[in-house]
Amino acid sequence: MSFKDLKLNRPILRAVAEAGYDNPTLVQERTIPLVLDRKDIITSAQTGTGKTAAFALPILQLLFDRQDAPKKGKKIRALIVSPTRELAIQIAKNFTTYSTYTNLRSAVIYGGTSIEPQKDILAKGIDILVATPGRLLDLHKQDLVNLDYIETFVLDEADLMLDMGFIDDVKKIERLCPDDKQTLLFSATMPYKVEQLANSILKDPERIEVTPTSSAAKNVSQLLYYVPKRNKIELCLHLLRNEIKGSILIFRRTKFGVDKLHQTLLKNGYKAERLHGDRSQNERQNALADFKRNKVNILIATDVAARGIDINELDAVINFDLPNVPETYVHRIGRTGRASHMGHAYSFCSADEKTYIKTIQQLINVQIPIEDNHPYPLDPKAKPIVHKKKGSKYKKGRKSQASKKKKKRWY
Ligand code: AMP
């Protein structure tokens, strides 16, 4: 199937061609016709499947085709609500790209940054607004956003939205939009809470399931390292020195953990950046930009900060800490191995995380291969290490490494 078969109009087809897209992805094939038909939809699809274009392209087309409607002017006609600032910025960028050859204007608003420039943008008038919930409600309270003319309302990453405690905000925003709007809900996973929300805000929705939650990315080779918690940093350094090359995204569960690992990597001569919710918006943007431009090749992040971010050609993901929600594992490793690139996922499992790995494996229905040929095995009876590389300092096995540990550690 081609984009032309999806009955998209010329300005949009031209922008899509310039973006380098040859054919629609599966989620686009299924979603675009339904959105053009003005149906409500609930789509289960992860980042990386092309889901942003799946809603952005038909929304642009609908707005473009109905420009003579009386609502034309400084009225916001499509609203996309996203849980994180990074994701909101990314979605808005996509809208800008796809609308190059239309006269439709889009903008993004999010918290953690000065509200004044956002007020100016809104005052100028836009057709499409991408927003995080808190800032949107703030601006609405100040009468600076009018949602009375919304024709299409998109709720992106609904599961994360609920995990982040935005349920009441989302419901409030939905009620501020007209009753006859079209609503599109996208969620990487479909827990009961999301189903409940969908039932309350969608009208007779069509369901689209592109990537079942449990299916781990096909192009990703996965490896599991059992390692004592105290040795995770050493294992990470060992793998960075010997195995893992290219652009690497490392997940840690806490902001503190991100900062700690970041310091260690810098002190060991690595170029790394970090992304978490305690950093200012500017710092987060700069970190991401440096990583995307290959100024640094390692990005350490918490799940919330990294969720939904599109980074092309990521070579590897390291699950430094295992997630306690198994679906999160699927999201994380889905960040690599995109668009036919082969990716690699390395997961570190300490004794207290064994139950996590069990539920992850149940969810993905795969036994992740265990790599026990490393210097810091969890099981003391594990066989000694014979490192592959000639002259490697790990050749002598685990015992010699253990004695090294007694040396001064500064982290
Ligand atoms: P998303 O799932 O929306 O985050 O998109 C993931 C990546 O796929 C983005 O870099 C998009 O630019 C890209 N993409 C979206 N649609 C297509 C397509 N039809 N062909 C090739 N790449 C695409």
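Keep in mind that what you see is a predicted model, and the values were worked out from it rather than measured.
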Kindly give the heavy-atom pair with the smallest separation between [X] and [Y], and that separation in Å.
X	Y	answer
P83	L160	CG-CD2, 3.8 Å
M161	V170	CG-CG2, 3.4 Å
N146	Y149	ND2-CE1, 3.5 Å
A45	K51	O-CD, 3.6 Å
V258	A301	CG2-C, 3.8 Å
P58	A53	CD-O, 3.7 Å

Could you walk me through whether Y21 and Y98 pass the side-chain hydrogen bond (donor to acceptor under 3.5 Å, both in side chains) test, one step at a time?
-> CA-CA 11 Å; Y21 305 171; Y98 306 144; 2.8 Å; yes

Donor-acceptor contact present, side-chain [X] to main-chain [Y], <3.5 Å:
X	Y	answer
K245	R241	yes
H262	A272	yes
Q182	K39	yes
R207	I41	no
T254	G257	yes
T264	K260	yes
T336	I333	no
D127	L104	no
D315	S247	yes
S82	D156	no

Residue pair T96, R105: steps toward the side-chain contact (heavy atoms from CB on, under 4.5 Å) verdict | CA-CA 8 Å; T96 307; R105 292 150 301 175; over 6 Å; no

[atom1] ([X]) with more than 12 external heavy atoms under 6.0 Å:
X	atom1	value
K4	NZ	no
K292	NZ	yes
K358	NZ	no

So, taking the atom named [atom1] in [X] and the one named [atom2] in [Y], what distance separates them when rounded to the nearest 0.5 Å?
X	Y	atom1	atom2	value
C177	I150	SG	CD1	5.0 Å
L137	F166	CG	CZ	10.0 Å
I76	L129	CD1	CG	5.0 Å
L136	L139	CG	CG	7.0 Å
L314	L249	CG	CG	5.5 Å
Y226	S347	OH	OG	10.0 Å

Between S106 and I126, does a side-chain contact (heavy atoms from CB on, under 4.5 Å) hold up when you go through it step by step?
-> CA-CA 6 Å; S106 50; I126 48 162; over 6 Å; no

If you define the side chain from C-beta out and look only at heavy atoms, does anything of [X] sit under 4.5 Å from [Y]?
X	Y	value
I59	L63	yes
Q142	K119	yes
L162	I167	yes
R332	P323	yes
V330	L363	yes
Y110	T84	no
T113	Q118	yes
I248	L240	yes

May I ask you to check whether F251 and F320 place their ring centers less than 6.0 Å from one another?
->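 They do not qualify: ring centres at least 6.0 Å apart.
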
Donor-acceptor pair between [X] and [Y] side chains, under 3.5 angstrom:
X	Y	answer
S221	H344	yes
T189	D159	yes
N231	E234	yes

So does [X] pair up with [Y], basic N to acidic O under 4.0 Å?
X	Y	result
R284	E273	no
E174	K181	yes
D303	R252	no
R274	D259	yes

Check against salt bridge (Lys or Arg N to Asp or Glu O under 4.0 Å), K232 and E353 | CA-CA 13 Å; K232 281 191 174 186; E353 292 174 313; 2.6 Å; yes

Taking only residues at least two apart or on different chains, which pairs with a member in residues 9-22 satisfy salt bridge (charged side-chain N to carboxylate O under 4.0 Å, His left out)?
->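 Listed once each, the pairs are R14-E18.
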
Carefully, step by step, assess F95 and L60 under the rule side-chain contact (heavy atoms from CB on, under 4.5 Å).
-> CA-CA 8 Å; F95 267 102; L60 285 168; 4.0 Å; yes

Residues S280, N282; criterion side-chain hydrogen bond (donor to acceptor under 3.5 Å, both in side chains); working and verdict | CA-CA 5 Å; S280 73; N282 263 352; 5.7 Å; no

Side-chain polar contacts of residues 26-38 - donor-acceptor pairs under 3.5 angstrom, sequence neighbours left out - could you list them?
residue	atom	partner	partner atom	Å
Q28	OE1	T25	N	2.9
Q28	OE1	T25	OG1	3.4
Q28	NE2	G50	O	2.9
R30	NH1	E209	O	3.4
T31	OG1	V27	O	2.6
R38	NH2	E151	O	3.2

Evaluate the criterion salt bridge (Lys or Arg N to Asp or Glu O under 4.0 Å) for residue pair K271 and D290; output intermediate values, then yes/no.
-> CA-CA 10 Å; K271 290 183 178 164; D290 283 354; over 6 Å; no

Would you please name every residue forming a side chain to side chain donor-acceptor pair (under 3.5 Å) with D5, sequence neighbours left out?
-> S2

Parallel, tilted or perpendicular for Y225 and F348, by the 30°/60° rule?
-> perpendicular

Yes or no on side-chain contact (heavy atoms from CB on, under 4.5 Å) for N319 and Y346, after CA distance, side-chain angles and deciding distance?
-> CA-CA 6 Å; N319 292 309; Y346 303 82; over 6 Å; no

